[in-house]
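All residue numbers in this chain count up from 1 along the given sequence. Every number for a ligand or one of its atoms is a count from 1 in the order of the listing.
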Amino acid sequence: MSLDPFHGHLTIDLGALAHNYAALRHQAQGLQIAPVVKADAYGLGAAQVSSRLWAEGARAFFVARISEGETLRTALGPERPATIYVLDGAPSGSAPRLLACDLTPVLNSAAQVSEWSSHGRSVKGGLRAALQIDTGMNRLGLRVEEAKALVQSFDGLRGLSIDLVMSHLACASEPAHPANAAQLARFQEARSLFPEARASLANSAGVFLGQDYLFDLVRPGISLYGGGPFGVSHPSLRPVAHLTAPILQIREVRPGETIGYGATFTADRPTRAAIIAAGYADGVLRSFGKAGQVWLGGAYRKVLGRLSMDMTAIEINHDLVVAPGDRVELLGDHVALDDAASASGTIAYECLVRLAPRLQRTYLGAKA
Ligand SMILES: *Cc1c(COP(=O)(O)O)cnc(C)c1O
């Protein structure tokens, strides 16, 4: 398949992904890394991402939905028998689907515990599960008291083999936030209830909060994909998503003229603009227009006016040697994911998951 030169291209560098996996592993002092590949690996392709990470040694993955787990099981195939944890857990009636694809639910409530344990009672050794403790996020998970009650109850855990106790940090990207230490303390209490199970608290940012937060297994997502743990680029991580688009037309805008919808940009001097073939239908956020910068001809160029569905205007200098078809970088080695996200008033996660199907995708460094 050859690339269409008149199109936006998304190149996903799996070599950089492998580099980031190694960097996170180093940061986590060699502990097990269970990559989070929910939402199609943050929009970058769960099949390709997980296959490459399997080749790097990853043996457990996290997805959000059961359907994501089903797709991932098929993509990995029988020769890559990874543990696939489903963060949504085991809603009522879901056990047959989880069992059919050998998915391991992260049990989030007493109701989910009974759904899974009712199927586990006839299974020798019980059914494998992770247990999520809510230590302060108030999203999913049992409260510490509920976990205690479960452990003390006569047969609340019958039919289950709890292999992982986990919780999720609400404020890990702000290392000084007092919620981190409070959640850590509650998690330490909760995990002591399950001495046989391994424990996991850290997402990407958690990996960088210090040894106390590491436990037995860490669950990074964004930093595998190049996003810094604290919302800014991190020197040990490489960009995985590279987005470029061709110039469609170059125009001279006269003083007093405007560019684009809503006429929000007015030239105050003769202005040279390049119109590039990337808009919000390609997944570039509309809010990127306000402060966004792209890279062309060895310099950053600012966006002029509003982004449209199919194109964006950028300012170029009058002496720049450039022609329609030349490619502009919107994400990559020069335009960092975290910078593009903050210019758009959002976070790296959202920028990645918005990258649209219209972009032509290429994978570098795929491993079978
Ligand atoms: C999404 C998610 C992660 C990964 O978080 P990152 O910040 O992307 O590293 C880890 N654990 C849970 C429970 C999640 O929902």
Side-chain angles (χ1 to χ4, degrees), residues 17 20-21 23-25 27-28 31-44 46 49-50 53 58 60-66 68-69 72 83-90 103-109 112 129-142 164-175 177 179-180 183-184 186-187 190-191 198-209 213-234 236-237 239-241 337-338 341 346-355:
L17 174 79
N20 295 342
Y21 177 84
L24 284 160
R25 200 158 164 160
Q27 184 67 33
L31 287 175
Q32 189 185 348
I33 308 259
V36 178
V37 296
K38 63 193 180 192
D40 201 26
Y42 293 37
L44 299 182
V49 160
S50 306
L53 291 172
F61 297 89
F62 282 87
V63 295
R65 303 280 179 266
I66 298 173
E68 293 172 355
L72 181 59
T83 302
I84 301 176
Y85 291 103
V86 177
L87 291 165
D88 284 353
L103 304 177
T104 306
V106 177
L107 303 174
N108 290 307
S109 66
Q112 291 199 349
L131 194 67
Q132 167 121 271
I133 309 294
D134 189 287
T135 53
M137 180 87 149
N138 266 312
R139 220 169 50 168
L140 297 178
L142 289 93
L164 183 70
V165 175
M166 58 176 271
S167 189
H168 192 48
L169 295 163
C171 305
S173 62
E174 298 164 62
H177 200 294
N180 293 322
Q183 285 196 264
L184 176 62
R186 241 169 266 142
F187 185 62
R191 68 108 18 138
R198 294 182 307 157
S200 174
L201 181 60
N203 65 337
S204 299
V207 172
F208 291 82
L209 286 184
Y213 289 82
L214 295 177
F215 293 94
D216 301 310
L217 172 154
V218 297
R219 312 183 308 269
I222 195 68
S223 290
L224 287 168
Y225 312 120
F230 304 132
V232 292
S233 301
H234 191 279
S236 67
L237 303 170
V240 174
L337 174 61
D338 286 296
T346 188
I347 51 177
Y349 307 70
E350 191 181 14
C351 286
L352 287 184
V353 299
R354 299 275 178 187
L355 293 169

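Rounding to the nearest 0.5 Å places CZ of F61 at 13.5 Å from CG of L103. Between the CD atom in Q132 and the NE2 atom in H168 there is a gap of 8.0 Å [rounded to 0.5 Å]. From L201, atom CG reaches atom CG of D216 across 11.5 Å, with rounding to the nearest 0.5 Å.
When non-hydrogen atoms are compared, ligand 1 lies under 4.0 Å from neither the backbone nor the side chain of Q132. Residue-level proximity to ligand 1 for H168 is carried by the side chain, the only part with a heavy atom below 4.0 angstrom. Residue contacts with ligand 1, taken as heavy atom pairs separated by less than 4.0 Å, involve N203 via backbone and side-chain atoms alike.
Under a 4.0 Å criterion applied to the non-hydrogen atoms of K38, ligand 1 contributes the atoms 1 (C), 2 (C), 3 (C), 14 (C), 15 (O). Within ligand 1, counting atoms from 1 as listed, the ones closer than 4.0 Å to a heavy atom of P220 are 9 (O). The ligand atoms of ligand 1 that sit less than 4.0 angstrom from a heavy atom of S204 are 6 (P), 9 (O). Less than 4.0 angstrom separates some heavy atom of Y42 from each of these atoms of ligand 1: 1 (C), 4 (C), 5 (O), 6 (P), 8 (O).
The aromatic rings of Y42 and Y225 sit tilted relative to each other, their planes meeting at an angle between 30° and 60°.
Within the 4.5 Å cutoff, side-chain heavy atoms of S50 are placed close to those of L72.
Shown here is R354, whose CZ atom has no more than 12 heavy atoms of other residues, nucleotides or ligands within 6.0 Å.
Remark: minimum distance from atom 7 (O) of ligand 1 to any protein heavy atom is reached at Y349 OH, 2.6 Å.
Remark: E174 pairs with no residue by the side-chain hydrogen bond (donor to acceptor under 3.5 Å, both in side chains) rule, at least two apart or across chains. With sequence neighbours excluded, the residues forming a ring pair (Phe, Tyr, Trp, His ring centres under 6.0 Å) with F208 are H234, listed by chain and number.
The shortest N or O to N or O distance between G221 and ligand 1 is under 3.5 Å. Looking at R219 next to ligand 1, an N or O pair under 3.5 Å apart turns up. Backbone and side-chain nitrogen or oxygen atoms of V36 are examined, and none is located within less than 3.5 angstrom of a nitrogen or oxygen of ligand 1.
For the pair R139 and ligand 1, a heavy-atom separation below 4.0 Å is found.
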